[in-house]
Amino acid sequence: MKPAPFSYYRATSVEDAIAALSGADGMAAVLAGGQSLVPMLNLRLSPVDHLIDLRPIAALSRQEETPEAICYGALTTHAAFEDGAVPDGTNGLMRYAASHIAYRAVRNRGTLGGALALADPAADWLTTAVALDASVTLTGPDGQRYLAITDFVVGPYYTQIAEHEIIDSVVVPRRSATERWGYYKVAPKVGEYAKSLAVALVDSEKASARLVIGAWSDVPLVLEASAIALLDGAKKNDLTMVVQNELDLKMPSLSPAERRLHTATAVRAAEQTRS
Amino acid sequence: MKQSVSLTVNGRPVETTVEPRLSLADFLRLELRLTATHLGCEHGVCGACTVLIDGEPARSCIALTVSLSDAQITTLEGLADDPAMQVIKQAFHDKHGLQCGFCTSGMLISTRDLLKRTPNPSENTVRNGLSGNLCRCTGYQGIVRAVLKAAEDLAAS
Amino acid sequence: MGYSDLNHSDTKQGIGASVKRNEDARLVNGQGTYLADLEIPGTLEAAFIRSPVAHARLGAVKVPSEYNNHVFLAADLDFAHPIVAATDDPQFQSTKQFALAKNKVRYVGEMIAVCIAPTRAQAEDIAQSCELELDELPALWDMDVATSPDALLIHEHWRDNIYLKTDVSVGDLERARKEATVSLSKSLSMGRHGAVPLECRGVLAHHDRRLNELTVYSSTQFPHVLRTCISRALDLPESQVRVIAPDVGGGFGAKGNFSPEELTIAALAMKLNQPIRWIEDRRENLIASPHAREHRYDVTVHANNDGLILGIEAMIRVDAGAYSVWPWTAAMEAGMVVGILPGPYHVPAYAAKSQSICTNKTPMGPYRGVGRTGACFAMDVMIDALARELHLDPADVRLLNLIKPEDMPYQSITGKQYDSGDYPEAARKALDAIDVGAIRSRQATGEKDNRLIGFGMSSYTEQTAHGTAEWVSRGLPVVFGYEPALARLTPDGKLILHVGIQNHGQGLETTLAQVASEELGIAVADVVVRHGDSSVSPYGMGTFGSRSMTMAGGAVSVACGQLADKVKRIGAHLLQSTADAVTLFDGRVHTETASVPLAEVAEAATLHPERLPEGEEPGLDISAVYEPKRSTGAFSYATHACVMAVDPGTGEMEILDYVVVHDCGRMVNPMIVEAQVVGGVAQGLGTALYEEIPYDDNGQPLSSTFLDYMIPGCAEVPNVRMLHIETPSPHTQYGIKGLGEGGAISPPAAVVNALNDALKSLGAEITQTPVTPLRILEAIESGTASSS
């Protein structure tokens, strides 16, 4: 299971990477952690003529803090979050989410930017980013632009990344200290991709709540009505009904078994904020 | 089109030219004849190919040699004199933590890293911590016993 | 770091001691040499072009002209005879599998061409550059499709798409039907999956010009038998063929076949007079290594109100895939199910029909447990279903029907000779260990987290180390009737054992040494076991069917026993005593007052024959062959008991407790016995909960990498609590019985029984494996048996 031939280029800066992307004839791809891309290359599932390595670019591994948000370089690894080696303004949610991605050896190399660029609907980072109202900074030949994650990832494996653009960084707004989070992941075995994943954020003092369900066949869904019910203190059975109804509305193609699953996941994440 | 790269393998500097598509696993095994690292899937799932890149466990089957300029690679062979690894190997022998041996190199490397980060792990932590290393023979019971014994022995030493 | 650096001190060494393993020295240091680690100068690496479609007429293969000498097709290997695996039943419809496909392809993954190049990557480039002319035909992708009345014939000269039908009826089934107060019928099924050893298959063939031998390295479980296959297929004298199994990273049956890949690589190396290697990658392993387990059962149990079984009727269908695998044949699995379905239970009347069905899927081959896993699943799931129907405890129904120890030896209704054992005792011990009472209380109380608790159990009896009589009755092309051993004491007083089995994780380099130690009083560390090389060992059958410890251990025991007699004669002479007055231990020959080391005896026998007693021949190389006194098999058995928690919201399952009460006769090395059982349980849990290669209606396999196909990991397999019973077999050396497969037989039944116990309050029932969380939810949603 060996890849088809490709050329390799070590980018020295973001501008250099973009120039290489723009100048490449044939299919070009950027290499971040390689944990998803290289298996695809080995399986000869995605032909690539030119691989542009972003890892030498130090700027992409840095983090910048402002009072409102933390800006993570796209190449920040899952392990960096897991180990608390990078700041976390989400009361530990990002650290928890990262710790449950795949396996340690994968987390040592896999990156936040890489995960969002691939936009696998089951990716832990995707649902988490949607819950956290994250946004991505994209740098391309025409400069930089910013997209909310929900405007960036618009379908399974489908992002709004433009030709010759790369994800530069991911901006995550700081959460209030009074906010509580819940995270429930259902996976067939430890380290596997989720079959259902829900993130809940509730701040009673600030009267805000957010409930997101992901890892189904499409992009993560924000369950607004359910979040309101959660904020209102709905009892578990009532909350379950609201979630079920909202799923019926927003995920009409679910089988009864799937609806049961996603309902349970969403409710459990929600319940975690109450304990 | 081959490209040159300089890296360090088991403490020795290596300068070589390789095709960009050559995985670190194949480089180690075919060019350097370091065959302790095994290939079980070549898509980063089974963990048989686990080595240390700059001291951290990584899948060598999905690491491209050409991208590892200035990296320090350590394989099981390179840990022969490592005191912690010697304790771990003895524990695997004592507790029957291997059968066919194919997963063992990767399992030992992941174990060493796990115990370095969590010197006194619970059984649950061990089981979750080794979830990225598949074994088809042992059913893991001997491996878990070995890791817990190694933790004890390392703490005592 | 060498062997001596590992602290290896053990005081007890012989039968029954948990001696640590000789083979660890190289394996734990990463110094094992597996097929992909071998180095023969000038080797070219091979990549196969495999069929991307399930059923098609094969036209031309377009090869770019620059690769003409790098791509080989069927016509290039016409000198190689095809693989034919037929039973001796005249009704069996046979297949011919050529090295490379001719004219037609019949499963996704079937080999069409082989490409060679200095590296595997380059060989794959060449493969990718070729174009195939394929005229697709409808895919017979399922048993039902293949056996429908107007189904296209996969092998055009056949009557239908069925390798073999069998029909067995014993006892008075009419009476059973009449007398039964309950007749319960169910349809059960097991999903298709693979053996998935961590090391994939591989072959490296080259012509050794010094020895004038075609040397074929293969990650195989039976080197001698493979040598015979290759020599016949290539018309080479067997004395000019050598097969070597290097270190093998797991086999589980998938490496115990004569495969088209072995045929092709050997043929190509011979044709080109060049070393050629193929290393199977994981995608090939999941698609093209033989598949396992896909059975469907329609079972009816006739019983009285106490749950006493009066009769069983079963229709057993096995999806055997597109070709018959050598030597087992496409009919063996169904035949095994028919023979062992009654299991450890007393069944007075039995009627079983079977069909081994040909489909456009990867051929099916043996995988740990083979037909026994499915048979146990069918029987034990039915027993629990019967218990639920009668509102009885499944444990009580099981105990009522288990064959009693006083009935041993017992001839089953299918003619199997169960040699010894106490099946009810194993069941009772399991119930006790798992504390059924506590579980029932817990169920009555309910869980705070709303999970449902279930208890399930399963009992099996397993034919192991069966010899001539059994294999003759199966009608295979080969009868595996014995095992050899050559025991050689070297001048320095150490021992080399040459055996015909093939160790690939079972610890035989240690356990066979323990047998030698038992006979000769020599330290296990001083015994080397040589296996896996057809030129180094006498002709043996290899490792499969839980046979090695009993068969090879028996042979080693006989050879070493004879060697011990000779050593005593010589040693006594050296000590001026008599042979009946000396004993062997600690590597020496002892009288009450003096001793000599084995080295001194060995030196006399080899380098100083003048020191031998009168009439004693020089040399200390003794050969023996062995088969148990009865070749109908030594029956190991066990009861597995399992407690599961099921989450009705997410379908997630957790194994809260798993107990095995196991009897494999006299245990040679309890540490290794336990590990073999746990390893088997892990695979059984894989069958029960995780592993599946489904096919779509185009005959495309849907799990072809580890991204889809899951095997249990460290966090999925629970701690297995084991209890042992040792009921010796009356027919084997030391009373040992085989055990390698047993652990993998009961888990699907025990797990599904536990799940059905948990789910019964919701009116949900599981009747298929693997049980995924989604299938749990589907069963709950439908409130009935889950449908496939």
Q: Is B:Thr138 in contact with chain C via its backbone, its side chain, both, or neither, using a 4.5 Å heavy-atom distance?
A: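 Contact with chain C: backbone only.
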
Q: Are B:Arg21 and C:Asp125 close enough for a salt bridge, meaning some N to O gap below 4.0 Å?
A: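 The answer is yes: the pair qualifies as a salt bridge.
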
Q: For the interface with chain B, which of C:Cys200, C:Pro718, C:Gly686, C:Pro712 has the highest count of heavy-atom pairs at distances below 4.5 Å?
A: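 Sorted descending by pairs with chain B, the first entry is C:Pro712.
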
Q: Against chain B, label C:Ile279 side chain, backbone, both or neither, depending on which of its atoms sit under 4.5 Å from a heavy atom there.
A: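 Answer is neither: C:Ile279 stays 4.5 Å or more from chain B.
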
Q: Do we see a donor-acceptor contact under 3.5 Å between the side chains of B:Glu77 and C:Gln31?
A: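 No donor-acceptor contact under 3.5 Å links the two side chains.
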
Q: Sort B:Leu98 into side chain, backbone, both or neither according to what part of it lies under 4.5 angstrom from a heavy atom of chain C.
A: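 The answer is both parts of B:Leu98.
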
Q: Measuring heavy-atom distances to chain B, does C:Val677 have an atom under 4.5 Å in its side chain, in its backbone, in both, or in neither?
A: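 Looking at C:Val677, nothing touches chain B.
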
Q: So which residue, C:Ile672, C:Thr33, C:Val681, C:Asp281, ends up with the most heavy-atom pairs under 4.5 Å with chain B?
A: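 Most heavy-atom pairs within the cutoff with chain B belong to C:Ile672.
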
Q: Picking from C:Gln506, C:Glu23, C:Gln676, what satisfies side-chain hydrogen bond (donor to acceptor under 3.5 Å, both in side chains) with B:Gln99?
A: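 Only match with B:Gln99 under side-chain hydrogen bond (donor to acceptor under 3.5 Å, both in side chains): C:Gln676.
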
Q: Does B:Asp54 CG have over 12 foreign heavy atoms under 6.0 Å away?
A: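 Yes, because the 6.0 Å sphere around CG of B:Asp54 holds more than 12 heavy atoms from other groups.
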
Q: With only heavy atoms counted, which part of B:Glu123 is less than 4.5 Å from chain C, the side chain, the backbone, both or neither?
A: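 Contact with chain C is through the side chain of B:Glu123 alone.
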
Q: If I measure from the heavy atoms of chain B, does C:Leu685 come under 4.5 Å with its side chain, its backbone, both, or neither?
A: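 For C:Leu685, neither part sits under 4.5 Å from chain B.
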
Q: With a 4.0 Å cut-off on N to O distance, would you call C:Glu674 and B:Lys95 a salt bridge?
A: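 No, no charged N to carboxylate O under 4.0 Å.
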
Q: Looking only at non-hydrogen atoms, find the nearest pair between C:Gly194 and B:Arg136 and report the distance.
A: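 For C:Gly194 and B:Arg136, the tightest heavy-atom pair comes out as O-NH2, 3.7 Å.
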
Q: Taking side chain to side chain contact (heavy atoms under 4.5 Å, CB included) as the definition, give me every residue that meets it alongside B:Ser23, ordered by chain and number, with sequence neighbours left out.
A: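 B:Ser23: side chain to side chain contact (heavy atoms under 4.5 Å, CB included) contacts with B:Ala25, B:Asp26.
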
Q: In terms of heavy-atom pairs under 4.5 Å, which option from C:Gly680, C:Gly251, C:Ala36 contacts chain B the most?
A: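 Answer, by heavy-atom pair count under 4.5 Å with chain B: C:Ala36.
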
Q: I need the C:Phe706 CZ to B:Leu134 CG distance, nearest 0.5 Å.
A: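 Result: 6.0 Å between the selected atoms.
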
Q: What distance separates C:Asn29 CG from B:Leu76 CG, expressed to the nearest 0.5 Å?
A: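 So the gap between those two atoms works out to 7.0 Å.
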
Q: With the threshold set at 4.0 Å, does a side-chain nitrogen-carboxylate oxygen contact exist between C:Glu716 and B:Arg127?
A: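 Here C:Glu716 does not pair with B:Arg127 in a salt bridge, since their nearest N and O are not under 4.0 Å apart.
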
Q: Just to verify, which of C:Leu27, C:Asp247, C:Leu198 counts as forming a side-chain contact (heavy atoms from CB on, under 4.5 Å) with B:Phe102?
A: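 Passing option: C:Leu198.
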
Q: Show the nearest heavy-atom pair for residues C:Thr705 and B:His43, with the distance to one decimal.
A: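 Residues C:Thr705 and B:His43, closest heavy atoms: CB-NE2, 3.4 Å.
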
